[in-house]
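FYI, side chains are in, hydrogens and waters are out, and symmetry mates aren't considered; it's all heavy atoms of this structure. For clarity, every value in this text was computed on a predicted model and none was experimentally measured. Numbers here are sequence positions counted from 1.
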Amino acid sequence: MKRRSVLRNTLALGLAAATGSTAVVLASSGPAGAIPAGTDHVILWNEALRYAFSRTDFAPGPLTRWAAVLNAAIYDTVVSLQGNATPYLGRVSREPNYNYDVVSNIDAAARTVLPRIFPTVDFTAFYAEAAKYKPVGNPGPEGWSTSVGVTAAQRILAARANDNSNDDTPYADGTEPGQWRQTGSGPAATPNWGGVTPFTLSSGTQFRPPLPGGFSSLPALLASPQYAAQVNEVKSLGAVNSTTRTAEQTKIAFFWANDVAGTYKPPGQLLRHTSILALERNLDSFQAARLYTLVTLAMADAAIVSWDAKFRTPIDLWRPESAIRLADTDGNPATVADPNWQPLSVNRSGVRFSPPFPAYTSGHATLAGAWAGVMRRYFGTDNVTFRVDSVDPNEQQYRTYTSFSSAAAENARSRVYLGVHYQWDADFGMSSGDAVAGQAFARLS
């Protein structure tokens, strides 16, 4: 019963974050029980992270970077105090004459990182929840120390201080057919993210996918029957007034969307699903810290790989919205322009929109491939049944999956139903994400 109540309370927190409530509804770490205290606090700080996601409006790259920083700090803290696993940056030595409580040091790592990466977010409620925990056992001659958690956090913050994430060089919109240009949702978001120093890869090009459809140039791509098929599929299935998209496909589109302000965005949704599985499996503090760190390292590098493909290759592919409205300029007789076409995707004000960056590859799909790749490797099987939720304002529902790969494939496909991606954006994003997951897994093996 305790495990179920904690799970329900943790789920309630995510919904509160999405709907604007500042209440934190989490079980205290309390006495030992079905949920180990350490696990509860690893999950607590990832809940705080997702809460921050819902209170800010950043592109996927920065969000995944911050998630990786937080969880790498927590992981190196736990590894330094428990077990013989491979740390991310390295072990932190203990000071003599002090005792070290793992949970207290996890809290110290989180409290060092969170204000640095989200200086405008109020974490008071989470700090109060964490403070309910008291160290277990007796202090050393000099008392309890949290120096391991603080030092682990400071190390990862220092390591990421000059990783090119602050490159704000402007991006020049394309003017030729097929080239990405603004669609009304703003200028290109984080166009230089493909040049950010990865967490586990040698560079953002390590798992760069082939150009869309395998074509070597934009004119060749636009003239091809494959391009026409991609455009015409999303033109039919992804239109706001589609007559071919089913009611179930519409639910799928919005379940995975989480693009608009006030949601915890695509990386946050995958972190939430990680939390649900961590709680259901009663992972201990080390197991949970390792899982979250694998997931977040993989997602951070997946975002870099996706943004490399979007902005740093010869084809910065326009969104379906542009392709369909301007089809009379592409030179392909199999596409027909519809200047009034709109995607299903919609913001809280009722305005239809496409995210402000090129279509290829899909960030959602690349993150999904990375997440599923980590989960499959971590649990040693793809065949796990789990029930997860969404806080997108258009579809707050639960869905059940029988494998990690089926959830990821649905996530990727959802972007076609939403009218903002082509299927090859999804397919190549998924494969890149899975390759990144393998690299992240090897990094902590």
Say you draw a straight line from [atom1] of [X] to [atom2] of [Y]; how long is it, rounded to the nearest 0.5 Å?
{"X": "Asp308", "Y": "Thr205", "atom1": "CG", "atom2": "OG1", "answer": "6.0 Å"}
{"X": "Trp371", "Y": "Thr366", "atom1": "CH2", "atom2": "OG1", "answer": "15.5 Å"}
{"X": "Leu89", "Y": "Ile156", "atom1": "CG", "atom2": "CD1", "answer": "4.5 Å"}

Would you please indicate if the ring centroids of [X] and [Y] are separated by under 6.0 Å?
{"X": "Phe126", "Y": "Tyr51", "value": "yes"}
{"X": "His273", "Y": "Phe386", "value": "no"}
{"X": "Phe53", "Y": "Trp66", "value": "no"}

For a 4.5 angstrom cut-off between non-hydrogen side-chain atoms, does [X] reach [Y]?
{"X": "Val102", "Y": "Gln82", "result": "yes"}
{"X": "Val196", "Y": "Arg160", "result": "yes"}
{"X": "Phe353", "Y": "Glu321", "result": "no"}
{"X": "Val234", "Y": "Gln423", "result": "no"}
{"X": "Gln397", "Y": "Phe254", "result": "no"}
{"X": "Phe441", "Y": "Leu294", "result": "yes"}
{"X": "Pro356", "Y": "Thr183", "result": "no"}
{"X": "Gln396", "Y": "Asp389", "result": "no"}

Notebook entry, point to check: Are Arg65 and Asp163 ion-paired here, with the side-chain N under 4.0 Å from a carboxylate O?
Noted result: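 Asp163 and Arg65: salt-bridged.
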
Okay, side chain of [X], backbone of [Y]: is any donor-acceptor separation there less than 3.5 Å?
{"X": "Ser406", "Y": "Ser403", "answer": "yes"}
{"X": "Asn164", "Y": "Gly195", "answer": "yes"}
{"X": "Ser414", "Y": "Asn411", "answer": "yes"}
{"X": "Ser432", "Y": "Phe207", "answer": "yes"}
{"X": "Lys265", "Y": "Thr263", "answer": "yes"}
{"X": "Arg181", "Y": "Ser322", "answer": "no"}
{"X": "Glu280", "Y": "Leu277", "answer": "no"}
{"X": "Tyr378", "Y": "Val295", "answer": "no"}
{"X": "Thr56", "Y": "Phe58", "answer": "no"}
{"X": "Tyr360", "Y": "Ala426", "answer": "no"}

Any side-chain donor near an acceptor of the partner, [X] and [Y], under 3.5 Å:
{"X": "Tyr264", "Y": "Arg272", "result": "yes"}
{"X": "Asn46", "Y": "Asn71", "result": "yes"}
{"X": "Tyr401", "Y": "Arg399", "result": "yes"}
{"X": "Trp45", "Y": "Asp107", "result": "yes"}
{"X": "Trp193", "Y": "Ser165", "result": "no"}
{"X": "Tyr171", "Y": "Asp316", "result": "yes"}
{"X": "Ser405", "Y": "Asp382", "result": "yes"}
{"X": "Ser390", "Y": "Asp392", "result": "no"}
{"X": "Glu410", "Y": "Trp256", "result": "yes"}
{"X": "Asp173", "Y": "Gln182", "result": "yes"}
{"X": "Thr250", "Y": "Arg245", "result": "yes"}
{"X": "Ser147", "Y": "Tyr100", "result": "yes"}
{"X": "Thr402", "Y": "Thr385", "result": "no"}

Note to self: Check whether Tyr398 forms a cation-pi arrangement with Arg387 (NZ or CZ under 6.0 Å from the six-membered ring centre, at most 45° off the ring normal).
What the structure shows: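 Yes.
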
Next item on the list: Assess Arg281 against Phe379: is NZ or CZ under 6.0 Å from the centre of the six-membered ring, and within 45 degrees of the ring's axis?
Entry: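 Yes, a cation-pi geometry.
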
Checklist line | Phe118 and Leu49: CA distance, side-chain angles, deciding distance, side chain to side chain contact (heavy atoms under 4.5 Å, CB included) verdict | finding: CA-CA 9 Å; Phe118 291 106; Leu49 184 71; 3.9 Å; yes

Note to self: With salt bridge (Lys or Arg N to Asp or Glu O under 4.0 Å) as the criterion, how do Lys251 and Glu248 come out once you've worked through the C-alpha distance, each side chain's angles and the decisive distance to 0.1 Å?
What the structure shows: CA-CA 5 Å; Lys251 287 179 176 291; Glu248 176 68 4; over 6 Å; no

Item checked: ring-ring contact (aromatic ring centres under 6.0 Å, His included) partner of Phe357, the single match among Trp318, Trp180, Trp307 ->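 When ring-ring contact (aromatic ring centres under 6.0 Å, His included) is applied between Phe357 and each of Trp318, Trp180, Trp307, only Trp307 qualifies.
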
Next item on the list: Output, in order, the C-alpha distance, side-chain angles, deciding distance and verdict of ring-ring contact (aromatic ring centres under 6.0 Å, His included) for Trp144 and Tyr98.
Entry: CA-CA 6 Å; Trp144 295 103; Tyr98 287 91; over 10 Å; no

Note to self: Show, in sequence, the C-alpha distance, side-chain angles and deciding distance for Asp259 and Arg415, and conclude whether the salt bridge (Lys or Arg N to Asp or Glu O under 4.0 Å) test is met.
What the structure shows: CA-CA 11 Å; Asp259 287 317; Arg415 307 303 280 173; 2.9 Å; yes

Next item on the list: Applying salt bridge (Lys or Arg N to Asp or Glu O under 4.0 Å), run through Lys310 and Asp425 and close with a yes or a no.
Entry: CA-CA 10 Å; Lys310 287 179 184 293; Asp425 305 343; over 6 Å; no

Check: Are Gln439 and Thr200 close enough, and set up right, to give a side-chain hydrogen bond (donor to acceptor under 3.5 Å, both in side chains), and what steps lead you there?
Finding: CA-CA 7 Å; Gln439 186 74 13; Thr200 68; 5.5 Å; no

Next item on the list: Just do the side chain to side chain contact (heavy atoms under 4.5 Å, CB included) check on Val148 and Thr151 with the steps written out, would you?
Entry: CA-CA 5 Å; Val148 168; Thr151 302; over 6 Å; no

Item checked: Val69/Val113 under side chain to side chain contact (heavy atoms under 4.5 Å, CB included): CA gap, chis, key distance, verdict -> CA-CA 8 Å; Val69 167; Val113 169; 4.0 Å; yes

Next item on the list: Show your working on side chain to side chain contact (heavy atoms under 4.5 Å, CB included) between Leu201 and Ile304 and close with a plain yes or no.
Entry: CA-CA 10 Å; Leu201 309 183; Ile304 294 169; over 6 Å; no

Checklist line | Intermediate values then yes/no, salt bridge (Lys or Arg N to Asp or Glu O under 4.0 Å), Arg55 and Asp122 | finding: CA-CA 9 Å; Arg55 290 296 188 273; Asp122 182 3; over 6 Å; no

Check: Taking all non-hydrogen atoms of both residues, which atom of Ala303 and which atom of Gly61 are closest, and how far apart?
Finding: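 Result for this residue pair: CB-CA, 4.0 Å.
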
